[in-house]
Amino acid sequence: MKYLCYGIASWLILPVALFQGLRLRARTPRLAPPAGRPFGQVGSSPQPDYNLLVIGDSSAAGVGADSVEATIGCQIAHSLHAATGSTVAWRNAGSNSAISEQVRDHVVPNLERLPYSHIVLAVGTNDMKNFLTAKRFKRGFGGLLYAVKARWPEAKIFWSPMIDMRNVPAFPAALAAILEMRGRIINRMGRQLCQERYATVAPQLDSSNPLGFSHDGFHASVAGYQHWAQLLARTILEHEDHRDTVEDARAAE
């Protein structure tokens, strides 16, 4: 019931969101992804233990980072390597301002068919801020989950839900409250779809520290990407520990 209330309330105050959003866009600099190759490897083994793909919107492309080494894919690779000693190959595939259905239709089909073992989806924020309905997000994000699983059937898929929009420094309080209502609707649908379609939902990132945001007040900073990457690396490792425990229990039966 409360999500229905979020939907109705956010649509009723949509004119406020449009007005504040247009003002914000006019004065916010549009950042580009860092220069450099969006792929690499951490560790020296010729056969990586992890083949990581991060796919999604501008956050997957590393917008807000000052170098490719500070982007989310590379940072996850470093965190996994530090925790396990494993060699990790990584690849970022992000598109500025992309919604889920655009990632599904234009990014996934054009990626190389490498044997990715772990895939992180960083999408949903543009669906939310563009006021896409839950039904349209379900088609876009649900289709993206199916497309990724069909292309890389052996990969473990993870989705990172949206942060609390009320912590985003660039947003005026009224706009942040409106977008947070939309964000909760998107996050709820995303969690449901992941449960149904072979994906694991990472914990919501704590975004309360303003140092986690770049100078545009919206994208992650170097520190923000590092914090986020550490959370995702822990999620990947905990998921593997859980799978090992379940498999050991089944073997003992």
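Position 1 is the first residue of the sequence, and the numbers go up from there. Note that this is a predicted model, so its numbers are computed, not measured.
- Scanning all heavy atoms of the two residues, the minimum distance from Leu31 to Gly64 falls at CD1-CA, 4.2 Å.
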| task | Could you please spell out the steps behind the side-chain hydrogen bond (donor to acceptor under 3.5 Å, both in side chains) verdict for His219 and Ser58? | result | CA-CA 8 Å; His219 292 96; Ser58 57; 2.9 Å; yes
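- Annotation for Gly217 and Pro169: closest pair O-CD, 3.3 Å, computed over non-hydrogen atoms.
- Side chains of Lys156 and Ile236 form no contact here, defined as non-hydrogen atoms less than 4.5 Å apart.
- One distance of note links CG of Leu144 with CD1 of Ile99; it measures 11.0 Å at 0.5 Å rounding.
- Asn92 places a side-chain N or O within donor-acceptor distance of the main-chain N or O of Gly73, the cut-off being under 3.5 Å.
- Enclosure of atom CD in Gln204 by more than 12 non-hydrogen atoms of other residues, nucleotides or ligands within 6.0 angstrom is indicated.
- In terms of modelled atom types and a separation under 3.5 Å, the side chain of Asn187 and the main chain of Met162 share a donor-acceptor contact.
- Within a 6.0 Å sphere centred on NZ of Lys149, other residues, nucleotides and ligands contribute more than 12 heavy atoms.
- Between Phe158 and His239, the ring planes lie perpendicular to each other; the angle is over 60°, past the 30° to 60° tilted range.
- Within the model, atoms CD1 of Ile186 and CG of Leu193 stand 10.0 Å from one another, a figure rounded to the nearest 0.5 Å.
- Ala176 and Phe171 get closest at one heavy-atom pair: CB-CB, 3.9 Å.
- Ring planes of Trp152 and Tyr116: perpendicular class, angle over 60° (limits at 30 and 60°).
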| Stepwise side chain to side chain contact (heavy atoms under 4.5 Å, CB included) check, Leu114 with Arg91 | CA-CA 10 Å; Leu114 295 179; Arg91 165 83 155 95; over 6 Å; no
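- Between the side chain of Asp57 and the backbone N or O of Ala98, no donor-acceptor pair lies under 3.5 Å.
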| field | Steps toward side chain to side chain contact (heavy atoms under 4.5 Å, CB included) verdict (Ile163, Trp228) | value | CA-CA 11 Å; Ile163 62 173; Trp228 186 19; over 6 Å; no
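- Formation of a donor-acceptor pair under 3.5 Å by the Ser221 side chain with backbone atoms of Gly224 is found in this model.
- For the side-chain contact (heavy atoms from CB on, under 4.5 Å) test with Trp90, the passing option among Leu80, Asn51, Thr71, Val54 is Thr71; the others fail.
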| request: Carefully, step by step, assess Arg197 and Ile157 under the rule side chain to side chain contact (heavy atoms under 4.5 Å, CB included). | output: CA-CA 10 Å; Arg197 303 184 187 188; Ile157 303 170; over 6 Å; no
| Candidate pair Leu232 and Ile72, rule side chain to side chain contact (heavy atoms under 4.5 Å, CB included), full reasoning | CA-CA 9 Å; Leu232 287 167; Ile72 185 66; 4.0 Å; yes
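- Of the possible polar contacts, none joining the Arg234 side chain to the Ser79 backbone as a donor-acceptor pair under 3.5 Å is found.
- Counting non-hydrogen atoms of neighbouring residues, nucleotides and ligands closer than 6.0 angstrom, the CD atom of Glu112 exceeds 12 such neighbours.
- With rounding to the nearest 0.5 Å, the separation of CD in Gln102 from CG in Asp127 is 8.5 Å.
- Follow the hydrophobic side-chain contacts under 4.5 Å out from Ile119 and you never reach Phe39; the two are in separate clusters.
- Closest heavy-atom contact between Pro109 and Asp105: CG-O, 3.3 Å.
- Here the CE-OG distance, from Met128 to Ser100, works out to 11.5 Å after rounding to the nearest 0.5 Å.
- Side-chain contact between Phe141 and Leu132: absent, with no pair of heavy atoms (C-beta onward) separated by less than 4.5 Å.
- A donor-acceptor pair is defined here as one N or O able to donate and one able to accept, closer than 3.5 Å; no such pair exists between the side chain of Arg139 and the backbone of Glu101.
- Leu231 is connected to Tyr225 through a chain of hydrophobic side-chain contacts under 4.5 Å among Ile, Leu, Val, Met, Phe, Trp and Tyr, so both are in one cluster.
- Put simply, the side chain of Asp66 never gets that close to the backbone of Val222: no donor and acceptor are under 3.5 Å apart.
- Closest non-hydrogen pair, Val68 versus Cys74, comes out as O-CB, 3.7 Å.
- Of the options Arg184, Met181, Glu180, a side-chain contact (heavy atoms from CB on, under 4.5 Å) to Met165 is made by Glu180 and by none of the others.
- For the pair Pro48 and Gln41, the minimum side-chain heavy-atom distance is below 4.5 Å.
- The six-membered or imidazole ring of Tyr146 lies away from that of Tyr198, with a centre-to-centre distance of 6.0 Å or more.
- Counting only heavy atoms from C-beta outward, the side chains of Ser59 and Thr125 never approach each other to under 4.5 Å.
- To the nearest 0.5 Å, atom CD1 of residue Ile76 and atom CG of residue Leu53 are 10.0 Å apart.
- Within 6.0 Å of atom CD in Glu196, more than 12 heavy atoms from other residues, nucleotides or ligands are found, so the atom counts as buried in its surroundings.
- Between the Asp164 side chain and the Arg166 main chain, a donor and an acceptor come within less than 3.5 Å of each other.
- Of the possible polar contacts, none joining the Arg191 side chain to the Val201 backbone as a donor-acceptor pair under 3.5 Å is found.
- The shortest heavy-atom contact between Ala61 and Pro33 is O-CB, 3.6 Å.
- Remark: Thr133 OG1 to Arg182 CZ distance equals 7.5 Å, nearest 0.5 Å.
- For the pair Trp159 and Val123, the minimum side-chain heavy-atom distance is below 4.5 Å.
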